[in-house]
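Below is one structure; the comments refer to it alone.
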Amino acid sequence: MILSWNEIKSRAISFSKEWQDEAREHAEAQSFWNDFFDIFGISRKRIASFEEPVKKLGDKRGRIDLFWKGTLLVEHKSKGKDLDKAYTQALDYFPGLKEHELPRYILVSDFDIFRLYDLEDDQLHEFNIKDLYKNIALFGFMAGYTKHKVVEEDPVNIKAAQLMGHLHDELKLTGYSGHALELLLVRLLFLQFAEDSNIFEKDLFTRYLEQRTQKDGSDVGAKLTELFQVLNTPEDKRLKTRDESLSNFPYTNGRLFEEFLPIPAFDTKTREILLTGCYIDWSKISPAIFGSLFQAIMDKSHRRNLGAHYTSEANILKLIRPLFLDDLYTKLDKIKKNKTKLQEFHKELSTLNFFDPACGSGNFLIIAYRELRILELEILKILYKENVLDIESIVWCDVDQFHGIELEEFPAQIASVAMWLIDHQMNMKISEHFGRYFARLPLDKSANIVHGNSLQINWQDVVSKDKLSYILGNPPFIGSRLQNKEQKADMKQIFTKVKGLGDLDYVTAWYLKASQYIQNTRIRSAFVSTNSISQGLQPSILWSLLLKTYNIKIHFAHQTFDWSNEAKHNAAVHVVIIGFANWDTEHKKIYEYENIKAEAHEKIVKNINPYLVEGDDIVVIKHTKPICDIPEMNFGNMPADGGKFLFTKEEMEAFIKIEPQSLKFFRSLVSAREFLNNKERFCLWLEDISPKELRELTHIKALVGEVKAIRTISSRPHLADIPHLFAQITQPKDVDFIAIPRVSSENRAYIPMGFFDKNYIVSDTMLLIPNATLYDFGQLTSAMHMAWVKYTCGRLKSDYRYSKDLVYNNYPFPTKTSDKNKQTVEQKAKAVLDTRALYIDSSLADLYDPLSMPPKLKKAHKELDKAVDRCYGNKVFKNDKDRIEFLFELYEEYLDA
């Protein structure tokens, strides 16, 4: 049992008074240190194990005065002797120690002066024996009150996960696999954490392995099985004849050790791996981080970049703070001087329930629980300023307030154990503050983590919505085109009879199911999602349903940011966070980002629309015709020819050499790739070829025959009836046109577009606008139009995927523009084209790359932006956020007209 701080301080005062006595000046150091360790409740028997000979530099051997492996090395000198020399002597022992034995602290003393060196934090503390009680907190690690700073990218998290992965692989080679292996590893995780964080006596499990198992590992499996039975048995019901080394292990319960597992087969190698894992200081492990690492380690393909497999704490806090934490702290600040209301608030915290319906290894639940416990501690600090004898009676928040569903069994088990681990860490914080040890053993309560398919389980069977407070998490990031057969079946089951289902990301199913679940409740929900659910076509499918059928209101939103952690080389995902409920609130917040890696800026707004900007609850739906009086846009020409009609310059010249009469049928082809990169490509355009010519030009005829064969076995065999033509022909006959790439990099400030005459054949990787004017070009290549693109455009990966029916046809062009403003736009648009023409050796990809865009071109575009802005009136637009909010208002106005 860990002593209270009051008891420790009292013992320290007695120790100081006794050892300041001049008559004790020449007493033995052993007695001095026996008494010193007794301050912290460390027995004489335990102290005896701290003495052993160690090889020093130069093949010399010495005996450390006291050595607590991995923790503390003590070097003692007679009164008045040089303590600098004592410190140097202590360091001389390091070369003879194994890595896991190296201590964090060195303590040197001469009966009168204490010097404590913290090697990890590079700090030195020196004080006189009479002031020991004032500095006793420095020795909290000896009493079990160790404070560890958890760093997300701390190598100890990675190292621990790698060792567990190594053990996993070795045991699996013996045939020990599946559920049994996974549960065994979860148990070993708990045991290693427990002995380093004062759930158990320090190093209890390690000593059991070292002292009670054979070095060849032959009996490790049996000894572990026996230990598991002991941990699952109350002390008063255990067999009296068991190995006495097992008697110090407390009854754990919590069902963790309840199931009987097949006995695993260890050998020398696997025993050594397990012991090496034990030598890590598991109290430094972050339960929130380690769970994801541990889960990833089971998949060898993930191990090269383990750091990519945890969600950073900072990102999790972006969700839980606006969801519930900020409001709770605001409430605490208002009532902290009213004891009655504070007690009621404390009771309220203990009744809150949290649910992550795609919890993985529990990251969100762990951090949410930790923050809830930190808040509870703040309340307890105010309510109980005097000494508290029974801490358990005042700690009301517990892990059973947290619920989750996880598809895979292993991470579900990790989540349950990780919740116990974070619970214990928070209990230690309580213990540190009130000076009394508090631990929850046996584990009477546990988080409610259900193993199953969240989209097929009735959430009411997991947690009743009558008691639930919050739903949170980050459901799977799987795009509409990447879903497997089972996931598509899930989507079909959730989105019954919903048109456009095939265009929805997998995460949208959680939005719909949550919206159905929270009907007629005060439950607040928030999910991290790929930003595609607030862009392009998906808002019109998902949010039309949520807004109209389920009366969902968005309470807060983080606009697009980079969802990543501090690990090197991890793949970042562009995400949004959306908080929503079945009821409205006046306090809505948008978190805006200047760029995806920037810090968020909070903005208070009246309403948040599905595109996560301020505005009414509208969605942009597909229109086959423009909502404004503008030229219509068409797709480019689709070959569907298996590449048979497409040629490079060299291929065309070779073909013409063989069949010279074919020259008149070759036309320049404009596809997105060639257009952006200033490349040449050509095609056979046989729209005007006569039957006679087709029969006589045998090489062309052969190509046509090959195209016919390709189309005959395609999904559209009717196209084989016109094998000499492009499958879709939209080529303008007599007019020039603007061509726009259907896909363009998000890094470009503007989508490059340009004018072409009728002799250029535009492929289906481009969109074209016949009869377009210089004024139209100016409007489309402006910052105003790009603001619309960013929010309504679909994405291909992260690149813009321009849509005729969604983006262009819905764009609210200015309708009340003066002739003067139109002329200015035309002049500025021409200036952009003229400036581009100055760089004849540069492609559009070069010119519009943010790093290589010429200053002259930037200036020309900025002038055009101003001209276009003026077409919409006298409003000043500071940024794209101002523009898009204005455009949504205008869009709604146009539809209502």
Side-chain angles (χ1 to χ4, degrees), residues 100 155-195 205-206 208-210 212-229 231-232 255-280 282 285 287 289-310 359-362 406-418 421 449 451-452 484:
H100 73 269
V156 71
N157 290 300
I158 303 288
K159 184 176 181 181
Q162 288 172 330
L163 280 168
M164 295 300 281
H166 192 188
L167 182 60
H168 167 274
D169 292 347
E170 292 297 325
L171 290 175
K172 193 172 183 179
L173 288 175
T174 70
Y176 200 81
S177 61
H179 168 79
L181 175 57
E182 293 174 354
L183 183 53
L184 172 66
L185 293 174
V186 170
R187 288 177 177 180
L188 294 176
L189 181 159
F190 177 82
L191 290 170
Q192 291 172 107
F193 184 90
E195 68 169 355
F205 179 54
T206 302
Y208 177 70
L209 291 173
E210 288 177 333
R212 290 294 190 268
T213 64
Q214 299 296 321
K215 289 186 177 181
D216 65 2
S218 58
D219 62 347
V220 171
K223 289 293 185 180
L224 287 176
T225 299
E226 186 177 13
L227 173 59
F228 297 160
Q229 292 176 344
L231 290 167
N232 195 52
R255 301 193 307 276
L256 178 58
F257 298 98
E258 185 176 72
E259 181 181 344
F260 181 81
L261 294 180
I263 299 175
F266 279 71
D267 56 17
T268 304
K269 184 178 182 180
T270 46
R271 178 181 182 271
E272 188 61 32
I273 294 171
L274 178 55
L275 278 171
T276 302
C278 291
Y279 297 144
I280 292 175
W282 284 73
I285 300 295
I289 296 165
F290 187 79
S292 293
L293 292 178
F294 196 15
Q295 182 181 350
I297 201 70
M298 298 305 110
D299 185 343
K300 287 185 177 181
S301 65
H302 290 164
R303 290 185 196 168
R304 289 185 180 179
N305 188 20
L306 282 180
H309 294 282
Y310 66 82
C359 70
S361 51
E406 170 50 35
L407 181 64
E408 298 180 23
E409 181 185 12
F410 188 42
Q413 292 174 342
I414 296 172
S416 295
V417 172
L421 303 188
I449 309 297
H451 168 218
N484 61 32

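Fair warning: this is a prediction, and the values are worked out from it, not measured in the lab.
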Does the side chain of Asp219 reach to within under 4.5 Å of the side chain of Phe266, using non-hydrogen atoms?
no
d(Ile280 CD1, Gln192 CD) to nearest 0.5 Å is 7.5 Å
By the definition side-chain contact (heavy atoms from CB on, under 4.5 Å), identify the one residue from Asn232, Leu191, Leu209 that meets it with Leu227.
Leu191
Would you call Leu189 and Leu421 a side-chain contact if the rule is heavy atoms closer than 4.5 Å?
yes
Could you measure the distance from the CG atom of Leu256 to the CZ atom of Arg187? Nearest 0.5 Å is fine.
6.0 Å
Cys278 to Thr206 - nearest heavy-atom pair and separation:
CB-OG1, 3.3 Å
Value for NZ (Lys215) from CD (Glu210), rounded to nearest 0.5 Å, stands at 10.0 Å
To the nearest 0.5 Å, how far apart are CG in Leu171 and CG in Asp267?
8.5 Å
Donor-acceptor pair, Glu195 side chain versus Phe205 backbone, under 3.5 Å?
yes
Drop me the distance from Glu272's CD to Glu170's CD, to the nearest 0.5 angstrom.
12.5 Å
For the backbone of Gln214 and the side chain of Arg271, can you confirm whether one donor and one acceptor N or O come within less than 3.5 Å of each other?
yes
Exactly one of Thr270, Thr276, Leu184 should register a side-chain contact (heavy atoms from CB on, under 4.5 Å) with Leu167. Which one does?
Thr270
What do the steps show when you test Leu181 against Leu185 for side-chain contact (heavy atoms from CB on, under 4.5 Å), and what is the final call?
CA-CA 6 Å; Leu181 175 57; Leu185 293 174; 4.2 Å; yes
Does the side chain of Gln229 come within less than 4.5 Å of Phe260's, by heavy atoms?
yes
Note: Ala180 and Leu261 closest approach over all heavy atoms is O-CD1, 3.9 Å
Is the closest side-chain heavy-atom distance between Tyr279 and Leu163 below 4.5 Å?
no
For the pair His451 (side chain) and Glu406 (backbone), establish whether a donor and an acceptor sit closer than 3.5 Å, ignoring hydrogens and angles.
no
Side-chain donor/acceptor of Trp282 to backbone N/O of Gly277, under 3.5 Å
yes
Once you round to the nearest 0.5 Å, how far does OG of Ser361 lie from CD of Gln413?
12.5 Å
Counterpart residues, ring pair (Phe, Tyr, Trp, His ring centres under 6.0 Å), relative to Tyr176 (two or more places apart)
none
Between Leu224 and Leu188, is any pair of side-chain heavy atoms under 4.5 Å apart?
yes
Can you confirm whether Arg212 sits close enough to Glu226 that some side-chain heavy atom of one is under 4.5 Å from a side-chain heavy atom of the other?
no
Could you report the tightest heavy-atom contact between Ala222 and Ile263, atom names first, then the distance?
N-CG2, 3.6 Å
For a 4.5 angstrom cut-off between non-hydrogen side-chain atoms, does Ile414 reach Phe410?
yes
